[in-house]
Amino acid sequence: MGYNQQQEDTWKHLNEHISEWVEESKQHTSKGLVASYIPELANAPQDILGICIMDASGNTVVGGEFEFRFTLQSISKVFTLILALMDNGEDKVFSKVGMEPTGDNFNSMLKLELVEPGIPFNPLINAGAIAISSLIVGNGPKEQIERILLFFREIADNPTLEINQDVFQSESDTAHRNRSLAYFLKHNGVLDQAVDDVLNVYFSHCSVDVTCKDLARMALVLAHDGIDPIRNQRMIPRRFVQIAKTFMTTCGMYNASGEFAMHVGLPAKSGVSGGILTMVPGRYGIGAVGPALNRKGNSTAGVDLLSTLSQAYDWSLF
Ligand code: DON
């Protein structure tokens, strides 16, 4: 059987089975809890699961509540990292953040004090992403936020992406821990700008509203090493996609990144709104959402569905 025939068979099989797999995985929503530490996120429904898988021509397989709108939250950190790399280059970025997983919670400040030189361990934990926000080029937070939004819209090929002001405000009002992290970073010489300005940028990029289709579209560009296969256009230098995918594999699912690599084996990034962005390199972009989270902060049903798919089609890279 030729490669193309195999691809077509997979696509047909996916189309036929996605609804039943979504229904099966949806049962796992009862094992999780919707995030509530950002009060606005607590309004999300507990029992939904949606997915969109996009191929290199833009065809999609969708299942469940794939039209549900949610905020990017930590998934945005992958793309601000890429923009910071494009703006500053590797040397500057890695003078401000490290390259290692922490084993601590995503909002931990433990290692900032314990481990010299007091820079965040990686760009996907909150401290690292706050440091990355400060590196986005722009004359003040307003311009930085505009550039980030333009970049996200460009990668998602969706000019309508906007910041959800209710989520932004809700996070800003309650982000006592992120504020402490940012002050720590300021003290340690990691942030050049005012703490409030940097946090404004960080909360804004976490609050961009998307659907599973937007995630799948953004992931498609990463799946093709920075080339958008639909517009046939390079969007991101290959090296920076390689860096992003490496962090997604080692830290993208926080303290469950090892477990996710064992069961799914694909680069991925989750967010506390329940989104997961992942990809089958060279083939598909994938976006999933299920707001009920496990103790590690990842969507219970989303992880279960991705495990089913990866095992059914032998998608693991390992
Ligand atoms: O900083 C926060 O707490 C949120 N804006 C983003 C956190 C997040 O999504 C972590 N994810 N699993």
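Note that ligands are numbered from 1 as they come in the structure, with each ligand's atoms numbered from 1 the same way.
From the protein, the heavy atom lying nearest to atom 1 (O) of ligand 1 is Tyr202 OH, 2.5 Å. The protein non-hydrogen atom at the shortest distance from atom 12 (N) of ligand 1 is Tyr254 CE1, 3.1 Å. Shortest contact from atom 3 (O) of ligand 1 to any protein heavy atom: Tyr37 OH, 2.5 Å.
The pair Arg179-Asp196 meets the salt-bridge criterion, with a side-chain N (NZ, NE, NH1 or NH2) lying under 4.0 Å from an Asp/Glu carboxylate O. Salt-bridge annotation for Glu116 and Lys111: absent, with no side-chain N of the basic residue lying under 4.0 Å from a carboxylate O of the acidic one. In this structure, Asp9 does not pair ionically with Lys12, as no charged nitrogen and carboxylate oxygen lie closer than 4.0 Å. Under 4.0 Å is where a charged nitrogen must lie from a carboxylate oxygen, and between Arg147 and Asp87 at least one such pair does.
In the hydrophobic clustering of this structure, Val198 groups with Phe151; members are Ile, Leu, Val, Met, Phe, Trp, Tyr whose side-chain heavy atoms approach within less than 4.5 Å, directly or through other members.
Not a single heavy atom of Phe203 sits under 4.0 Å from any atom of ligand 1. Residue contacts with ligand 1 include Asn126, since one of its heavy atoms falls under 4.0 Å from the ligand.
A distance of 4.5 Å separates CG of Asn107 from CZ of Arg177, quoted to the nearest 0.5 Å.
Centroid-to-centroid, the aromatic rings of Trp11 and Tyr284 come within less than 6.0 Å.
Applying the side chain to side chain contact (heavy atoms under 4.5 Å, CB included) rule to Ser299 yields the partners Ile276; only residues at least two apart in sequence or on another chain are considered.
Each of the atoms 7 (C), 8 (C), 9 (O), 10 (C), 11 (N), 12 (N) of ligand 1 lies under 4.0 Å from some heavy atom of Val272. The distance from ligand 1 to the heavy atoms of Cys206 drops below 4.0 Å at these ligand atoms: 5 (N).
At a heavy-atom distance under 4.0 Å, no atom of Asn107 approaches ligand 1.
The distance criterion of under 3.5 Å between nitrogen or oxygen atoms is met by Gln73 with respect to ligand 1. Of the N or O atoms in Lys269, none lie within a sub-3.5 Å distance of an N or O in ligand 1.
Nearest to atom 10 (C) of ligand 1 by heavy-atom distance, out of Ala35, Ser207, Ser74, is Ser74.
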